[in-house]
Protein chains: 2
Amino acid sequence: MSISSRFAVGIHILTLIEFNKEGVTSSEFLASSVNTNPVVIRKLMGMLKKSGLIEVHPGIAGAKLAKELSDITLFDVYKAVNVVQENELFSIHESPHPDCPVGRNIHNTIEPLFTAAQLAMEKVLRSVTLEDVVKDVATKENIS
Amino acid sequence: MSISSRFAVGIHILTLIEFNKEGVTSSEFLASSVNTNPVVIRKLMGMLKKSGLIEVHPGIAGAKLAKELSDITLFDVYKAVNVVQENELFSIHESPHPDCPVGRNIHNTIEPLFTAAQLAMEKVLRSVTLEDVVKDVATKENIS
DNA sequence: TTTACCTGTAACAATAACTATTACATGTAA
DNA sequence: TTACATGTAATAGTTATTGTTACAGGTAAA
């Protein structure tokens with residue numbers, strides 16, 4: 001099991017919009033950099049737009065960031081592209097047997113533990129902004 | 001996307017083996033409490049056995065814990081049932097375009113961030129033992 | 001107003017993982 | 001030998017993911 005690459009692609013899209021901010025960042029341009037189909041990009045652009053991360057308009061080529069780089073965290077992207085639902089990173093088996101002491105309590109015991117683990121992961125995502133990502137890409141680019 | 005319920009079921013199995021330690025915990029007995037097919041349980045028992053968490057023998061009914069409760073963490077179970085591979089909680093799109101400054105660096109930029117998030121989640125799993133789970137189930141059982 | 005090109009989106013297919021199930025080989029002990 | 005357990009291969013249904021074609025609808029320049 002892995003979390004959908006929509007998340008990584010979403011980050012890629014936003015980062016490239018920033019890098020190409022003087023130019024026109026169309027779905028085809030993005031698709032070429034990501035190496036996927038433009039429709040995949042447009043679907044993701046729709047999600048990013050819906051979450052207020054980018055501005056994009058029918059008929060007009062190019063997407064722009066709708067917020068400051070430092071105001072967009074990886075968690076914002078993660079939520080926007082809908083890869084993991086709240087409290088559902090871990091799935092729990094349905095309807096264990098209520099006649100068993102373990103069966104009737106295990107869900108309530110496990111759930112807060114799973115939630116805590118998920119929140120710890122998400123906390124890391126909240127601590128990283130797109131500005132961090134853009135700067136790191138720029139640094140790697142200049143070094144090499 | 002959700003992490004397979006094998007993890008939750010694995011915890012259920014180990015917890016029930018402990019609760020039923022005076023009796024015989026067969027795959028059928030476990031399957032009844034979990035509410036699934038005994039073959040599903042036997043596959044999981046195979047994984048838990050392979051990781052040294054339980055003892056179970058062909059032809060002989062019943063599984064036993066192979067370690068102290070306090071010596072088994074949720075992380076041990078998580079690894080045993082193989083729900084998430086190392087460094088693969090988040091998937092990253094393959095082969096972005098090398099002619100693009102973002103395309104050729106995004107993987108190296110994102111990867112350590114994803115790894116850090118995954119490790120934070122796993123750290124929580126390492127901090128909880130089966131003893132904690134068993135005690136919590138017992139407490140809930142006594143309250144109600 | 002026609003043309004060219006963009007975004008938005010529905011429909012569909014291939015793939016992979018998950019879960020449940022049947023069937024049966026193999027091991028153990030009464 | 002019988003009864004019953006674990007171990008495991010094969011298979012099916014379901015769902016999510018990713019990619020693709022097709023086309024509706026918006027915009028702007030010729």
Side-chain angles (χ1 to χ4, degrees), chain A residues 1-10 12-13 17 20 23-32 34-51 53-64 66 78 81-85 88-96, chain B residues 1-10 12-13 17 20 23-51 54-64 66 78 81-85 88-96:
Chain A
M1 189 290 320
S2 275
I3 290 171
S4 166
S5 66
R6 282 199 304 276
F7 183 25
V9 174
H12 188 145
I13 288 172
I17 290 173
N20 192 43
V24 175
T25 310
S26 67
S27 64
E28 192 150 354
F29 177 80
L30 286 163
S32 161
V34 170
N35 189 29
T36 185
N37 190 292
V39 175
V40 170
I41 298 295
R42 291 204 286 274
K43 281 182 197 159
L44 282 169
M45 290 199 309
M47 297 187 193
L48 296 171
K49 177 186 184 179
K50 194 172 168 191
S51 294
L53 302 185
I54 65 174
E55 284 173 9
V56 55
H57 305 279
I60 304 179
K64 297 287 179 186
Y78 163 94
V81 298
N82 220 32
V83 283
V84 175
Q85 307 311 307
E88 293 185 9
L89 175 59
F90 299 90
S91 57
I92 305 184
H93 50 299
E94 299 289 313
S95 42
Chain B
M1 186 293 319
S2 275
I3 290 171
S4 165
S5 66
R6 281 199 303 276
F7 184 24
V9 174
H12 188 144
I13 288 171
I17 291 173
N20 192 42
V24 174
T25 310
S26 67
S27 65
E28 191 149 352
F29 177 80
L30 286 162
S32 161
S33 172
V34 170
N35 190 30
T36 185
N37 191 290
V39 175
V40 171
I41 299 294
R42 291 204 285 271
K43 281 183 198 158
L44 282 169
M45 290 199 309
M47 296 187 195
L48 296 171
K49 177 186 184 179
K50 195 173 167 189
S51 294
I54 65 173
E55 284 172 9
V56 54
H57 305 279
I60 303 178
K64 297 288 178 185
Y78 163 93
V81 298
N82 219 30
V83 283
V84 175
Q85 307 311 308
E88 291 185 10
L89 175 60
F90 300 91
S91 58
I92 306 183
H93 51 298
E94 300 288 314
S95 40

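Please read these numbers as outputs of a predicted model, since none were measured by experiment. Letters go in sequence order (proteins before strands), and every chain restarts at 1.
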How many whole angstroms separate atom [atom1] of [X] from atom [atom2] of [N]?
| X | N | atom1 | atom2 | result |
| --- | --- | --- | --- | --- |
| B:Lys43 | C:dT22 | NZ | C1' | 11 Å |
| B:Lys64 | D:dT6 | NZ | P | 13 Å |
| A:Arg6 | D:dT18 | CZ | P | 7 Å |
| A:Ile41 | D:dT17 | CD1 | P | 16 Å |
| B:Ile60 | D:dG7 | CD1 | P | 10 Å |
| B:Met47 | C:dT19 | CE | P | 10 Å |
| B:Glu55 | D:dT6 | CD | P | 15 Å |
| B:Asn37 | D:dG7 | CG | P | 15 Å |

Backbone of A:Val83 reached by a side-chain donor or acceptor of A:Ser4 within 3.5 Å: no

C:dT22, D:dG19, C:dA20: which one has an atom nearest the side-chain heavy atoms of B:Val40? C:dA20

Looking only at side-chain atoms of B:Ala61, point me to the closest of D:dA5, D:dT18, C:dG27. D:dA5

Value rounded to 0.5 Å, distance of CE in B:Met1 from CG in B:Leu89: 6.5 Å

If I take atom CZ from residue B:Arg6 and atom CG from residue B:Leu44, how far apart are they, to the nearest 0.5 angstrom? 7.0 Å

Assert: residue with more 5' nearest nucleotide on DNA chain D, out of B:Gly59 and A:Asn35, is B:Gly59

Please compare A:Asn82 and A:Arg42 by the position of their nearest nucleotide in DNA chain D and report the one closer to 5'. A:Asn82

A:Met1 or A:Ser26: which one's nearest nucleotide on DNA chain C is closer to the 5' end? A:Ser26

Here's a test of your reading of the structure: between A:Met45 and B:Val39, which maps to the more 5' nucleotide of DNA chain C? A:Met45

Please check if the number of heavy atoms outside A:Gln85 that lie under 6.0 Å from its CD is greater than 12. yes

Give a yes or no on this: more than 12 heavy atoms of other residues, nucleotides or ligands lie within 6.0 Å of atom NZ of B:Lys64. yes

Under 4.0 Å, counting only non-hydrogen atoms across every strand here, what does B:Lys49 touch: a base, just sugar-phosphate, or nothing? sugar-phosphate

Counting just side-chain N and O atoms, does A:Ser91 come under 4.0 Å of either OP1 or OP2 of C:dC18? no

Using OP1 and OP2 only, check whether a side-chain N or O of B:Ser4 sits under 4.0 Å from C:dT19. yes

